[in-house]
Novice: 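Please read through the structure below; I'll follow up with questions.
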Amino acid sequence: MTDTVELAKGDIISVEVLRPAHGGEGIGHHDGRVIFVKGGIPGDVVDVEIAQLKKKWARGEVVKVTTASADRVDSRCPAAAAGAGCCDYAELNPTVELEIKSRVLRDQLERIGGIDELPEFELHDLEPTAGWRTRVRLGVDASGRAGFRKLKSNELVTEVACSQVVPELLEGLVGEGARRFTPGVEIIAAIDDAGQRHVVESRKAPRGRRTETVLKVLEGTGEVEQKVGDYTWKFPVSSFWQAHTKAPAAYSEFIAEALTGLELVDVDKRGPVAWDLYGGVGLFAPIITSKLQAAVHSVELSPGSAEAGEEALAGLPVTFHTGRVEGMASQLPSPNVVVLDPPRTGAGSDVLKSIAEAKPQLVIHIGCDPATFARDVADWKLNGYEMDQLAVFNAFPGTHHFETIGVFVRVS
Ligand SMILES: C[S@@+](CC[C@H](N)C(=O)[O-])C[C@H]1O[C@@H](n2cnc3c(N)ncnc32)[C@H](O)[C@@H]1O
């Protein structure tokens with residue numbers, strides 16, 4: 001006989017949050033089950049309302065913090081406090097974010113990547129930790145008000161702004177007295193390096209996808225100007241550009257250092273070659289050409305980004321190929337070095353195998369999701385590459401997201 005009462009949906013249980021999970025939740029245990037706690041910070045003891053129940057695990061949301069973790073702070077984001085899905089780490093002390101994110105990465109690399117020997121992580125905090133975003137996508141409700149989407153919902157928070165965004169970007173667009181937009185569209189707003197604000201109405205994208213269709217330009221030209229080092233790119237505001245204002249320079253610097261002093265082997269008589277896969281507007285191409293004196297082949301799906309890159313980098317030995325990376329490797333000249341920066345879904349086994357078959361001596365892999373990055377790391381190992389360096393960038397402060405850069409060398 002046991003007097004244990006079986007857990008049910010809607011039950012409220014007390015959980016001690018022990019560690020962070022990938023995706024922003026905390027992890028605790030209850031009667032042999034793993035409990036994923038939305039809103040739980042390691043060190044908290046919380047009351048959790050169970051919303052999802054499986055044999056080995058359950059998931060729920062914090063309804064009351066009974067003992068607060070030493071790392072818990074008052075919410076730093078008014079939009080998140082009002083229910084928006086923007087800053088899920090708004091109540092976590094920003095000084096411990098990078099350490100928490102490193103723990104998540106280590107766990108994913110060990111469990112999904114099957115890697116037991118990891119190099120020491122290089123940790124990079126990007127400042128500022130609020131007001132770091134100069135480009136944003138907003139939803140528009142049925143009455144034409146723009147705002148931030150609630151988590152897994154079509155509802156919007158329209159009264160207050162998210163603390164990630166520089167305040168001047170949202171002036172007159174969100175909150176009291178803000179202008180109205182066409183109901184149901186997506187608003188893209190950005191302030192570029194020339195100081196110009198651009199606001200466009202765009203087609204609403206399916207969840208988790210980006211849309212590039214601009215329906216109406218409401219302010220500015222709809223074409224942003226971004227500068228890094230000696231280069232200036234002009235491209236549609238709907239095209240990809242790194243979100244944190246400091247990210248383009250920080251990643252470029254990391255890549256530059258990783259390539260400094262690299263002695264290229266097996267260089268073809270035509271000279272060194274590098275691939276910049278998922279290259280966007282070619283942000284990393286100038287660094288790669290200058291460090292390796294290499295011809296760079298950039299592969300990018302968005303024609304708008306590739307065209308912008310061609311224009312900005314005219315005069316450099318960079319060739320832009322518009323299309324999918326999948327299937328493209330066999331058509332490019334063999335590389336000495338490959339840089340790849342796939343979207344959140346990662347590169348996947350087929351792409352990694354095709355890169356490995358081209359035998360680059362060094363690969364720099366940038367990943368914005370620790371789970372897909374860890375899965376890709378396992379594939380690098382299978383394909384004869386060893387991780388030599390690993391850096392974590394807190395490029396999305398206030399959220400559970402972060403960027404990882406791994407440097408891999410060919411060993412077999
Ligand atoms: C994370 S962004 C990186 C862009 C660039 N490296 C940068 O830092 O500005 C990923 C890029 O991959 C492109 N992309 C997505 N899927 C792709 C695919 N299957 N093949 C080629 N490019 C793709 C997107 O359009 C986007 O520009």
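The structure presented is a predicted model; accordingly, all values stated were derived computationally and were not measured. The residues of the chain are indexed from 1 along the displayed sequence. Order of appearance sets the numbers: ligands from 1, and atoms from 1 within every ligand.
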Novice: Heavy-atom pairs closer than 4.0 Å: do any link ligand 1 to the side chain of Val325, the backbone, both, or neither?
Specialist: both

Novice: Give yes if a backbone or side-chain nitrogen or oxygen of Glu300 is under 3.5 Å from a nitrogen or oxygen of ligand 1, and no if not.
Specialist: yes

Novice: Under 4.0 Å, heavy-atom basis, I'd like to know which part of Trp241 is in contact with ligand 1: side chain, backbone, both or neither.
Specialist: neither

Novice: Does any N/O atom on Tyr278 come nearer than 3.5 Å to any N/O atom on ligand 1?
Specialist: yes

Novice: Does a side-chain N-to-carboxylate-O contact under 4.0 Å join Asp379 and Lys353?
Specialist: no

Novice: When rounded to the nearest 0.5 angstrom, what is the spacing between CZ in Arg106 and CG in Leu118?
Specialist: 5.5 Å

Novice: Compute the minimum heavy-atom distance from Ser305 to ligand 1 and say whether it is under 4.0 Å.
Specialist: no

Novice: Which is it for Phe240 and ligand 1 at heavy atoms under 4.0 Å: side chain, backbone, both or neither?
Specialist: side chain

Novice: Need the ligand 1 atom indices (1-based, order shown) with element for anything under 4.0 Å from a heavy-atom of Gly323.
Specialist: 20 (N), 21 (C)

Novice: Taking N or O atoms only and a 3.5 Å limit, does Gln242 qualify as a polar contact for ligand 1?
Specialist: yes

Novice: If you take the centroid of each ring, where Trp contributes its six-membered ring, are His244 and Trp132 closer together than 6.0 Å?
Specialist: yes

Novice: Does a side-chain heavy-atom distance below 4.5 Å link Val96 with Asn93?
Specialist: yes

Novice: Within the structure provided, determine whether Ser238 and Ser202 are in side-chain contact (heavy-atom separation under 4.5 Å).
Specialist: no

Novice: Go through ligand 1 atom by atom and flag the ones less than 4.0 Å from a non-hydrogen atom of Pro343.
Specialist: 15 (C), 16 (N)

Novice: Please confirm whether Leu301 comes within less than 3.5 Å of ligand 1 when only nitrogen or oxygen atoms on both sides are compared.
Specialist: yes

Novice: With rounding to the nearest 0.5 angstrom, report the CZ to CG distance, Arg324 to Leu301.
Specialist: 5.0 Å

Novice: Inspect the surroundings of CG in Asp350 and state if more than 12 heavy atoms from other residues, nucleotides or ligands are less than 6.0 Å away.
Specialist: no

